[in-house]
Amino acid sequence: MHTEQVTYKVGDSDTRPWGSWKVIAAGEGYICKEICVMPQQRLSLQSHEHRNEHWIMMSGQAEVTLGDDLLKLAPEETVYIPKGTKHRIANPGTEPLTFVEIQTGEVLDENDIQRFMDEYGRM
């Protein structure tokens, strides 16, 4: 099922059950978001058909599921997520987790998401 493409612009933001995101830069073929994950929360296990993501940890502690691997990341550490790879990020700590997400690809659309597991009923 294809829905209307959502085009990002600087300043766009949203609050989610796990925290929030805001677009801090946008250009041809890339989007850059600052994402905050509240303590003891995690995003859905998901993949994207059209975009790659590069995450740069800024503050807090992260547990990243990347395919079959579980990575523990600290501030200034990074992870690259190729399109089609199942992934998720969790905040196991007591402080907010903040990271920068750089999306790259020909189609950058908030609806480009396939969820496999979600604690918040968004399947």
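Computed from heavy atoms alone, side chains included, the values below leave out hydrogens, waters and symmetry copies.
- Judged by distance alone, with hydrogens and angles left aside, the side-chain atoms of His54 form no donor-acceptor pair with the main-chain N or O of Tyr80 at under 3.5 Å.
- Cluster annotation: Tyr120 is connected to Ile35 through the hydrophobic network of ILVMFWY side chains, with a link wherever side-chain heavy atoms come within less than 4.5 Å.
- Rounding to the nearest 0.5 angstrom, the gap separating the OG atom in Ser47 from the NZ atom in Lys86 is 7.5 Å.
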Working note: Gln103 + Tyr30, criterion side-chain hydrogen bond (donor to acceptor under 3.5 Å, both in side chains); need CA distance, chi angles, decisive distance, verdict. CA-CA 5 Å; Gln103 302 177 6; Tyr30 76 93; over 6 Å; no

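- At distances below 3.5 Å, at least one donor-acceptor pair connects side-chain atoms of Asn91 with backbone N or O atoms of Val37.
- Side-chain atoms of Gln41 do not come within 3.5 Å of backbone N or O of Met38 as any donor-acceptor pair.
- Residue Val10 comes nearest to Ala25 through the heavy atom pair CG2-CA, 3.8 Å, listed as atom of the first residue, atom of the second, then distance.
- The aromatic rings of Trp55 and Phe99 are tilted relative to each other, their planes meeting at an angle between 30° and 60°.
- Here the side chain of Glu77 pairs no donor or acceptor atom with the backbone of Pro75 at under 3.5 angstrom.
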Going through the distances and angles, do Leu71 and Glu63 end up as a side chain to side chain contact (heavy atoms under 4.5 Å, CB included)? CA-CA 6 Å; Leu71 312 171; Glu63 287 183 354; over 6 Å; no

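- The side-chain heavy atoms of Lys83 and Arg51, taken from C-beta on, include no pair separated by under 4.5 Å.
- Side-chain atoms of Arg16 do not come within 3.5 Å of backbone N or O of Trp21 as any donor-acceptor pair.
- Judged by distance alone, the side chain of Glu53 and the main-chain N or O of Ile81 form no donor-acceptor pair under 3.5 Å.
- Distance NZ/Lys22 to CG/Asp14: 13.5 Å, rounded to 0.5 Å.
- Counting heavy atoms from C-beta on, the side chains of Ile89 and His87 never come closer than 4.5 Å.
- Annotation: side chain of Val23 is not in contact with side chain of Glu101 (no heavy-atom distance under 4.5 Å).
- The pair Glu119-Arg42 meets the salt-bridge criterion, since a charged nitrogen lies less than 4.0 angstrom from a carboxylate oxygen.
- In this structure, Arg88 contributes its side chain and Leu43 its backbone to a donor-acceptor pair below 3.5 Å.
- Val100 is listed as a side-chain neighbour of Ile102, based on a closest heavy-atom distance under 4.5 Å.
- Side-chain contact between Ile24 and Lys33: absent, with no pair of heavy atoms (C-beta onward) separated by less than 4.5 Å.
- Closest of all the heavy-atom pairs between Met57 and Ala62 is SD-CB, 3.7 Å.
- With His50 contributing its side chain and Asp109 its backbone, the two residues share no donor-acceptor pair below 3.5 Å.
- Under a hydrophobic clustering in which Ile, Leu, Val, Met, Phe, Trp and Tyr are joined whenever their side-chain heavy atoms come within less than 4.5 Å, directly or via other members, Leu108 and Ile56 fall into different clusters.
- Distance check: Trp18 CH2 to Cys36 SG gives 8.5 Å after rounding to the nearest 0.5 Å.
- A continuous path of Ile, Leu, Val, Met, Phe, Trp and Tyr side chains, each step under 4.5 Å between heavy atoms, connects Leu97 with Leu66, placing both in one hydrophobic cluster.
- Proximity of Leu45 to Asp118: side-chain heavy atoms (C-beta onward) are nowhere separated by under 4.5 Å.
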